[in-house]
Number of protein chains: 2
Amino acid sequence: MSESAEKFGRITPVPAYQMVAEAIEREILSGRLRPGDPIGTEAELVRQFGVNRSTVREGIRLLEQGGMVHRDSSRRLAVGLPHYDRLATRASRALMLHQVSFRELWEATMALSLASIELAVERATPEEIAGLDANIAATEEAMDDPAAVAALDSEFHLLLEKTGRNRVLELAREPSNMLIYPTTNVAVRATEHGAQRLIEAHRMLVESLRRRDIEMARLWTRRHLTDWRKGFEKAGMDLDQPVDLVTGMA
Amino acid sequence: MSESAEKFGRITPVPAYQMVAEAIEREILSGRLRPGDPIGTEAELVRQFGVNRSTVREGIRLLEQGGMVHRDSSRRLAVGLPHYDRLATRASRALMLHQVSFRELWEATMALSLASIELAVERATPEEIAGLDANIAATEEAMDDPAAVAALDSEFHLLLEKTGRNRVLELAREPSNMLIYPTTNVAVRATEHGAQRLIEAHRMLVESLRRRDIEMARLWTRRHLTDWRKGFEKAGMDLDQPVDLVTGMA
DNA sequence: TAGGTCGGATTGTCCGACAATCATGGTCGC
DNA sequence: GCGACCATGATTGTCGGACAATCCGACCTA
């Protein structure tokens, strides 16, 4: 759009190891290689591509980190099915590097949580509600331990997410989750009766699933996240600071 | 949670090339290496890590694909700041491999678009509105060319997204965008006056930004996406089919 | 100052090698 | 016959060295 007509495009020689990676990736994306299928041995790939083993290995490493290929127990290569965690990890690290603020994180989490809870209200099964109840019970047990509460809170929202049965949304939410929940610990600790309020919110959320009451679910989602935000501010932290300062991913 | 206390954890020897990658990644995430900084030459890394150059190179390749490091014009290595595109590409490929359905995609897009448009309504500047207007004008010009319309539609929503000024949401939306917009082409073609309706929706969306009318924005976002869905169905496609059948990412 | 030349540095690729580990098949004991 | 055990080959991870292509920077020249 913005580029005017230039005579020649940039010339970019593609290294052989990249071509190896792309060739394998194409096979996977096209469906000719399916998750779980073994990729050949290195020697075999050397033969097929006609390049040196070092080159093949570099190409494989390119794909390895993304989860497209993975080494099974015997270190043999197989096609992998990249899981959200892995992608979310990379995404949340990228967000850190971009120095996104907690405000952005909070806004996005609010929006995504509201979307997620609506689907959950529509689709929750008794089993899923029982799972959520169990989580609440465990949280009550652990009320004195903010770290445990934060972990259980994270699990609660994960369960809630699964209840929505929408993997796209799940994937979209996970980077935010990874960045936000480490601070739940702090937020809960900072608020008077923080754990108490958290548990109540969870209870009301489950109750709204039971009643299939979307408005109630939205209300308590908002309250729950507002509480988190208040705790965050009460702990003396600034919503406009970049996220990497707090989440110590050492 | 589920694991009981076992005496010994699984012993997993970590290959040297992974340790190289992790060491570099740690430096980046800790902030000691910042985006743009040069990573040493391979020879230097060989010296520092005390491993062979092949090993160093394999380690570097691990990071390269994720965008953590990238080769600048002179092929020298530098710390990169992974952009959304790259992550989104990986994410959308993963969604394809997981065979998510168009229904999931549509639901997520609906939720994310509504969230996004609300922020845009709050924050739109005259310049941004002008940019959106320009896009609409271009779309009108190209009305006879469904492919061009689809591309401009994609650009329109990208602009809208930027207007929201929330990078977390931006990142969350992009995988869905990448998967959904290739089919806009088909959807527009299938509907009577498809391009016309698309342009009208865009116009009303911009108008609601101008008026800062959130309800209006939400309404037209819903209509716009419902139109897309109708076109999709009218083209004889099934919402519950996995996304990879249509998007020919050859 | 613009352009050309040259040498050193760096990357991409290749070759060959070896220890450690894994898979496999055969052997042995019961 | 069946399971435990072992030898052998295959495979990976790592190493050392090598060379062409390219890039950078300094130097030179018109």
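Chain identifiers are assigned alphabetically (A, B, ...) following the order of the sequence lines, protein sequences preceding nucleic acid strands; residue numbering begins at 1 within each chain. Computed from a prediction, not measured in an experiment: that's the story for all the values here.
- If you measure from atom CZ of B:F49 to atom P of D:dC15, you get 13 Å, rounded to the nearest angstrom.
- Remark: the B:R53 side chain and the C:dT10 base include no donor-acceptor N/O pair separated by less than 3.5 Å.
- Between the side chains of B:R173 and B:S113, at least one donor N or O sits under 3.5 Å from an acceptor N or O.
- Backbone-only contact: A:R76 has heavy atoms under 4.0 Å from sugar-phosphate atoms and none from a base.
- Taking only side-chain nitrogens and oxygens, A:N52 never comes nearer than 4.0 Å to OP1 or OP2 of C:dT13.
- When distances run from any side-chain atom of A:S54 to the nucleotides C:dC14, C:dT21, D:dT14, the shortest one goes to C:dC14.
- We find that CZ of B:R75 is positioned 6 Å from P of C:dG12, with the value rounded to whole Å.
- Distance, B:M19 CE to D:dG13 C1': 14 Å, rounded to whole Å.
- In this structure, the side chain of B:N177 does not engage the main chain of B:L158 through any donor-acceptor pair within 3.5 Å.
- For B:R71 and D:dT22, the shortest distance from a side-chain N or O to OP1 or OP2 is not below 4.0 Å.
- Of the candidate nucleotides D:dC15, C:dG12, D:dG13, C:dG12 has the atom nearest to the side chain of A:P15.
- Atom CD in A:E42 sits roughly 11 Å away from atom P in D:dT14 (whole-Å rounding).
- Taking only side-chain nitrogens and oxygens, B:R57 never comes nearer than 4.0 Å to OP1 or OP2 of C:dT11.
- Atom CZ of A:R47 is separated from atom P of D:dA10 by 15 Å (rounded to the nearest Å).
- If you check the side chains of B:T55 and B:E58, you find no donor sitting under 3.5 Å from an acceptor.
- Atom CG in A:L45 sits about 8 Å away from atom P in D:dT12, given to the nearest Å.
- Regarding A:Q18, its CD atom lies at a distance of 14 Å from the C1' atom of C:dT13, rounded to whole Å.
- Atoms CG (A:D72) and C1' (C:dT21) sit 13 Å apart, rounded to a whole Å.
- Salt bridge annotation for B:E107-A:R123: present, with a cationic side-chain nitrogen under 4.0 angstrom from a carboxylate oxygen.
- At a threshold of 4.0 angstrom between heavy atoms, the contacts of B:T55 are confined to the sugar-phosphate backbone, with no base atom among them.
- One side chain, B:E64 or A:Y17, offers a donor N or O that lies under 3.5 Å from an acceptor on the other.
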